Amino acid sequence: MIEHSGWTLYKRLLGYVRPHWKAFALAVLGYVIYAASSTALAEMMKRLIDGIQNPDASFRMMLPLFVVGMFAARGLGTFLGTYFMSNVARNLVHALRCDVFNHMLHLPGRFFDAHSSGHLISRVTYHVEQVTGAATKAITILLREGLFVVGLVAYLLWTNWMLTLLFLAVTPLIGGVVSYASKRFRRISRRIQRSMGEVTHVASEALSGYRVVRTHGAEAFEKARFARASEINRRQSMKEALTKATSTPVIQLLVALSLALLVWLAMSPALMADMTPGEFVAFITAASLMAKPVRQLTEINATIQKGIAAAGELFGLLEQPPEEDRGTVEPGRLEGRVRFEGVRFAYGEDQPEVLKGIDLEVAPGEMVAIVGRSGSGKSTLMGLLPRFYRPTAGRILIDGVSLEDYRLHPLRRRIALVSQQVTLFNASIAANIAYGVDDATPGAIEAAARAAHAHEFIERLPKGYDTVVGENGVMLSGGQRQRLAIARAIFKDAPLLVLDEATSALDTESERHIQAALEEVCRDRTTFVIAHRLSTIERADRILVMEGGEIVEQGPHAELLARDGAYAALHRLQFQDPQPA
Ligand code: ADP
Ligand code: MG
């Protein structure tokens with residue numbers, strides 16, 4: 001991932017603040033009021049001391065009014081600052097979170113192969129919150145206390161500039177400590193955030209797979225794995241605590257030393273001579289008032305560094321190139337002529353070739369079955385059609401146009417894919433069938449469900465089509481889930497249909513029903529069917545046998561049987577040989 005300097009990250013974050021500049025300006029105004037009224041405290045001390053020495057009637061009226069006015073102004077400033085800064089920060093988080101999420105939805109398949117969902121989820125939850133921490137707390141303190149320090153320094157300079165300059169001579173020392181701590185914080189924070197992602201990842205795997213964990217008696221294993229991830233997180237957090245705990249007192253000590261020096265200097269006869277007692281007290285007051293904001297300013301460093309580290313990760317993610325979509329051709333109602341020309345594919349540069357030169361021409365409306373051992377590349381080949389991955393060599397054409405030349409989104413709308421792993425959303429059955437379509441009519445949904453032989457079981461559910469299916473359809477059986485997935489594909493009414501072991505979880509009875517339905521559905525569209533049970537594909541126009549990433553045989557069922565090659569061997573294995581007991 002690209003390393004970002006703190007400054008470029010700030011600039012990008014500021015880009016998110018820009019649309020809310022009015023609220024931001026109000027917040028800054030609030031902090032200016034706060035800082036000015038707080039600084040007035042020192043001035044009040046001066047008037048108090050000088051006033052006690054020469055009391056008069058107007059002084060007695062003025063001083064209480066001054067006190068009330070000062071705190072009223074401070075209150076207003078605090079309100080404006082706190083409220084409007086939260087407003088800006090929350091807007092920032094919202095925008096950033098949506099940007100990250102939206103961007104992730106367009107990242108290529110390779111990205112998801114390389115990152116676990118736990119790590120990705122922690123980006124939109126934990127990381128974004130870290131940025132909020134930096135945005136709300138840190139920017140608030142930075143502005144509020146920063147402006148207060150500026151006000152105090154200005155006041156000090158105005159009261160006695162020589163003394164002030166002496167006082168400020170210690171500042172570089174403080175700066176040095178802060179900058180050392182910054183670098184360390186950022187490094188540690190990044191590690192903490194990664195380890196947080198790991199904690200989420202391990203937890204989500206073990207919790208969503210709780211049945212596998214229990215049937216394997218792997219509770220102890222998962223506990224240990226989780227404890228390890230959490231322990232790494234704990235250790236990093238302790239390192240952070242240590243850095244924070246040491247840097248804060250060191251900075252405070254430096255401030256105290258400079259304050260002591262200041263008092264000592266101020267009490268020198270030469271300087272004392274020029275100041276009234278009131279001025280002297282005001283000066284010391286202002287200087288000691290500096291301690292709190294300076295301390296707060298140094299403490300927020302940790303928060304800011306966390307935010308920057310998190311922002312770095314997020315912007316790094318936002319810079320990941322999205323799926324390539326340079327196509328310009330709008331696929332109309334496609335005929336469905338598919339052509340593979342010398343297609344080769346590997347999942348990564350360092351990975352073995354999974355497809356080794358596929359040449360294939362499929363006519364519109366043809367039903368092609370693909371069979372072969374698992375791992376022979378059937379799913380991979382079909383995954384290339386909706387451009388989940390790009391072939392490493394060769395090309396694929398639909399209706400004579402290279403896939404790359406089609407606009408990605410409309411192209412995908414014309415391919416319906418039912419894969420081995422059914423994904424259902426925790427919504428109603430109707431919403432799952434008409435996924436992504438807002439204005440689907442109940443009639444169309446039911447028709448799709450009927451074609452997929454899902455209507456019968458849906459009707460028997462207590463709430464019918466309005467039944468909510470639970471996370472990934474836990475309320476349904478495997479066969480029911482598959483029928484919903486098929487209904488979803490039928491509902492999509494796409495000219496290209498891919499069924500990747502879409503009926504493997506069905507019993508023979510329902511499979512036969514669906515078979516009949518599919519023949520109906522497949523009539524005027526190009527269909528690819530991957531199936532393990534050869535009985536289901538006998539009626540396909542053509543059967544391809546894949547082996548090790550190549551098509552080793554093709555033809556209709558009867559012809560392949562007669563040829564007595566790979567297909568005939570597979571067929572014998574399934575039908576003639578009695579299963580060993
Ligand atoms: P089939 O569908 O015929 O069972 P696949 O196309 O799923 O086979 O897999 C073909 C090969 O590609 C297998 O060796 C598998 O290990 C590999 N493979 C599949 N998916 C990925 C992936 N996302 N990343 C890396 N390798 C993969
Ligand atoms: Mg497969």
Side-chain angles (χ1 to χ4, degrees), residues 104-120 201 205 320-324 338 340 342-360 362 367-394 396 403 412 415-423 478-479 481-482 485-486 489 496-506 511 518 527-537 540 542-554 560 565-567 569-571 573-574:
M104 286 203 279
L105 284 189
H106 292 285
L107 288 175
R110 278 178 208 290
F111 179 82
F112 292 92
D113 290 345
H115 296 83
S116 80
S117 62
H119 282 109
L120 294 181
H201 163 69
E205 258 183 14
Q320 296 272 335
E323 281 183 298
E324 221 171 82
V338 182
F340 290 81
V343 170
R344 293 175 167 273
F345 179 74
Y347 277 99
E349 270 139 43
D350 47 353
Q351 301 212 27
E353 238 179 12
V354 179
L355 298 176
K356 298 169 187 162
I358 301 287
D359 287 290
L360 180 66
V362 180
M367 180 182 188
V368 175
I370 309 176
V371 300
R373 274 197 220 112
S374 88
S376 55
K378 307 181 294 292
S379 298
T380 304
L381 184 67
M382 289 299 108
L384 298 182
L385 274 182
R387 272 168 60 185
F388 291 149
Y389 299 92
R390 291 175 62 188
T392 32
I396 303 169
L403 273 191
R412 286 182 177 162
I415 301 172
L417 178 91
V418 185
S419 66
Q420 286 153 284
Q421 289 129 352
V422 174
T423 302
R481 278 204 290 271
Q482 278 198 334
I486 293 171
L496 279 168
L497 177 64
V498 179
L499 301 169
D500 187 348
E501 288 175 33
T503 52
S504 56
L506 297 182
E511 190 173 28
L518 283 181
T527 313
F528 293 89
V529 182
I530 300 176
H532 270 309
R533 246 175 280 167
L534 300 185
S535 59
T536 58
I537 47 129
R542 189 161 28 143
I543 296 168
L544 312 176
V545 183
M546 280 190 75
E547 223 175 82
E550 286 171 303
I551 298 173
V552 292
E553 226 175 49
Q554 55 178 304
L560 287 182
Y567 179 76
L570 279 174
H571 202 263
L573 217 57
Q574 266 190 22

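Not measured: the values here are computed from a predicted model. Ligands are counted one by one from 1 in listed order, and the atoms in each one are counted from 1 as well.
A salt bridge links Arg412 with Glu323: at least one charged nitrogen is closer than 4.0 Å to a carboxylate oxygen. By the 4.0 Å N-to-carboxylate-O rule, Arg387 lies too far from Glu324 to be salt-bridged with it.
Closest to atom 4 (O) of ligand 1 by heavy atom, among Gly549, Gly548, Gly375, is Gly375.
For ligand 1, the atoms closer than 4.0 angstrom to any heavy atom of Asp113 are 23 (N). Applying the 4.0 Å criterion to heavy atoms of Ser374 picks out, from ligand 1, the atoms 4 (O). Heavy-atom proximity to Gly377, at under 4.0 Å, picks out these atoms of ligand 1: 1 (P), 3 (O), 6 (O), 8 (O), 10 (C).
Side chains of Tyr389 and Thr380: no donor on one and acceptor on the other come within 3.5 Å. Residues Asp500 and Ser379 bring a donor and an acceptor atom of their side chains to less than 3.5 Å of each other.
From the protein, the heavy atom lying nearest to atom 26 (N) of ligand 1 is Tyr347 CD1, 3.2 Å. Among protein heavy atoms, the minimum distance from atom 10 (C) of ligand 1 is reached at Val354 CG1, 3.4 Å. Counting only heavy atoms of the protein, atom 2 (O) of ligand 1 lies nearest to Ser379 OG, 2.7 Å.
When heavy-atom distances to ligand 1 are checked against a 4.0 Å cut-off, Gln351 comes that close only through its side chain, counted from C-beta outward. Only the side chain of Tyr389 comes within contact range of ligand 1, with a heavy atom under 4.0 Å; no backbone atom does. Both the backbone and the side chain of Thr380 come within contact range of ligand 1, each with a heavy atom under 4.0 Å.
When side chains are defined from C-beta on, Val338 counts as touching Leu385, because their heavy atoms get closer than 4.5 Å.
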Criterion side-chain contact (heavy atoms from CB on, under 4.5 Å) on Val368 and Val529, from CA distance to verdict: CA-CA 6 Å; Val368 175; Val529 182; over 6 Å; no
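When the shell of 6.0 Å around CZ of Arg373 is examined, it contains 12 or fewer heavy atoms from other residues, nucleotides or ligands.
In this structure, atom 15 (C) of ligand 1 has its sub-4.0 angstrom surroundings free of protein heavy atoms.
None of the N, O or S atoms belonging to Ser374 lies under 2.8 Å away from the Mg ion (ligand 2).
Heavy-atom separations between Ser376 and ligand 1 include at least one value shorter than 4.0 Å.
Formation of a donor-acceptor pair under 3.5 Å by the Arg110 side chain with backbone atoms of Tyr347 is found in this model. Distance alone, capped at 3.5 Å, places no donor-acceptor pair between the Arg344 side chain and the Ala393 backbone.
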